Amino acid sequence: MIKLSQIEKTYATPAGPLRALKGIDLNIKKGEIYGIIGLSGAGKSTLVRCINMLERPTRGKVFVDGRELTAMSDSELRSVRKDIGMIFQHFNLLSSATVYDNIAFPLRLAGKGEDAIRAKVIPLLKLVGLEAKAEQYPSQLSGGQKQRVGIARALASEPKVLLCDEATSALDPQTTRSILDLIKSINERLHLTVVVITHEMQVIKDICDKVAVLDGGVITEQGTVLDVFTNPQKDITKEFISVLLSNELPVAFRGGLVEKEYSEGAYLLLRLTFIGESADEPVLAGMIRKFPEVECTMLFGQLDQISGQPFGRMIVGLTGPQQQIDMALGYLAAQELREEVIGYVRRHGAAAG
Ligand SMILES: Nc1ncnc2c1ncn2[C@@H]1O[C@H](COP(=O)(O)OP(=O)(O)O)[C@@H](O)[C@H]1O
Ligand SMILES: [Mg+2]
């Protein structure tokens, strides 16, 4: 549905040319929810604005639904842009227009009659749960309600693609959840292809099928959310994921207490990740039976889901004879799970927690 081929974007700035995108290749299939995650300044907004050609790429080609947008004139682009809806971090609503009129806006621009507009707007109000708010103004709405108006307005022209640029970044976690649920249900009901731009891994984990990590104008990693999440390759990806996982460590172990090197009597902290089928296998019980001298303390455990697959995470602390611990690690390495040594923590550190 969306294909980007070797997209480059260079801005002319007073300080000289700024290469915001450096050769982006991306292929997004119809009906997918595709996440693009990156730090501030990575080029996310530039990328999403190249998809709808609000920004013309300096080089490369953009295809949406089989048509090459980079080959079109501005007037041709105006007509294909109705296939591409967009929602923004700060909603971009007209403050002097009611909810109804905000949603009607693109339809009026397109020259639709008032009856046709009403027939379109009323179901959209229902879809986003704002029937009761039709005559209110944006200033009378909560952030979540404003974004619902933004979504309804984006859907008014029946787009095939919905671009979301940090659409939940100004919202609290609960409201974020409800907006993400709405986007997901729209994706399913209308078979809409959705591109989600965010700096938050939680957003990617909650609704995306695929993810690309954008860093300094380059895609450094991409794949299914399950693969990238459970087996990140690049440091920046690990960093994004660690933000989600950092709360796993018991309080006493967070911060400076975890050491890189073993010292006498320290626990080895091990993060275990179980994916899919292996999430129900008694791997730990097997290890404990095989290596009875290794003492294994469970510090954290959670069973979660990513893209419908069971996904378990666990942190355990191991102590015992070094050689036995090494063998236990070897045993775990041979099982269907991922294990990662976080570091070492001294017993009294544990006791203090
Ligand atoms: N219109 C512009 N003119 C000049 N530089 C820009 C412009 N838009 C963005 N940039 C620069 O391009 C880089 C990428 O910006 P942006 O795409 O907004 O990143 P993100 O959305 O990931 O924060 C940044 O260094 C930013 O300063
Ligand atoms: Mg941005």
Side-chain angles (χ1 to χ4, degrees), residues 2-26 28 33-62 64 69-70 74 77 81 84-93 143 146-147 150-151 153-154 161-172 175-176 179-180 183 193-208 210-223 225 228 232 234-244:
I2 300 172
K3 186 169 147 58
L4 304 184
S5 164
Q6 282 300 306
I7 292 297
E8 306 219 359
K9 177 70 194 183
T10 303
Y11 291 110
T13 73
L18 189 152
R19 292 181 71 204
L21 299 175
K22 304 170 185 167
I24 302 286
D25 289 309
L26 204 59
I28 302 177
I33 303 186
Y34 203 106
I36 296 171
I37 188 166
L39 299 171
S40 173
K44 305 181 296 296
S45 294
T46 302
L47 181 60
V48 79
R49 289 165 64 82
C50 282
I51 295 177
N52 62 9
M53 298 282 288
L54 284 177
E55 208 70 78
R56 266 195 189 269
T58 312
R59 280 186 50 194
K61 293 179 176 175
V62 175
V64 173
L69 272 46
T70 29
D74 287 347
L77 277 177
R81 270 207 202 99
I84 310 175
M86 186 160 176
I87 58 175
F88 307 87
Q89 177 171 3
H90 298 296
F91 325 120
N92 297 16
L93 302 180
K146 285 181 200 166
Q147 195 56 288
I151 291 170
R153 180 185 56 188
V161 171
L162 180 65
L163 307 176
C164 312
D165 190 358
E166 301 277 7
T168 57
S169 299
L171 305 175
D172 63 66
T175 313
T176 291
I179 293 294
L180 293 178
I183 291 173
T193 307
V194 181
V195 181
V196 171
I197 302 282
T198 183
H199 64 279
E200 294 174 295
M201 200 63 198
Q202 183 74 42
V203 169
I204 301 282
K205 173 180 161 283
D206 283 349
I207 62 164
C208 294
K210 300 245 183 82
V211 61
V213 181
L214 189 64
D215 185 23
V218 177
I219 292 180
T220 56
E221 197 161 342
Q222 60 182 311
V225 173
V228 171
K234 296 289 192 315
D235 285 347
I236 180 151
T237 314
K238 291 177 186 164
E239 192 70 24
F240 280 123
I241 292 168
S242 74
V243 173
L244 275 190

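For clarity, every value in this text was computed on a predicted model and none was experimentally measured. Just follow the structure's listing: the first ligand is 1, and inside any ligand the first atom is 1.
Between the Lys44 side chain and the Gly38 main chain, a donor and an acceptor come within less than 3.5 Å of each other. Thr70 places a side-chain N or O within donor-acceptor distance of the main-chain N or O of Val62, the cut-off being under 3.5 Å. Judged by distance alone, the side chain of Lys9 and the main-chain N or O of Arg56 form a donor-acceptor pair under 3.5 Å. Within the 3.5 Å criterion, the main-chain N or O of Thr168 finds no donor-acceptor partner in the side chain of Gln147.
Side chains of Phe240 and Lys205 form no contact here, defined as non-hydrogen atoms less than 4.5 Å apart.
Across Thr10 and Pro17, no two heavy atoms sit closer than the pair CG2-CB, 3.6 Å.
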Check ligand 1 for N or O atoms under 3.5 Å from a protein N or O and list each pair with its distance.
unit_1   : atom_1 : unit_2 : atom_2 : d
ligand 1 : 8 (N)  : Tyr11  : OH     : 3.4
ligand 1 : 17 (O) : Ser45  : N      : 3.4
ligand 1 : 17 (O) : Thr46  : N      : 2.9
ligand 1 : 17 (O) : Thr46  : OG1    : 2.5
ligand 1 : 19 (O) : Gly43  : N      : 3.2
ligand 1 : 21 (O) : Ser45  : N      : 2.9
ligand 1 : 21 (O) : Ser45  : OG     : 2.9
ligand 1 : 22 (O) : Ala42  : N      : 3.2
ligand 1 : 22 (O) : Gly43  : N      : 3.0
ligand 1 : 22 (O) : Lys44  : N      : 2.8
ligand 1 : 22 (O) : Lys44  : NZ     : 2.8
ligand 1 : 23 (O) : Gly41  : N      : 2.7

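Using a cut-off of 2.8 Å, one finds that Ser45 contributes an N/O/S atom close to the Mg ion (ligand 2).
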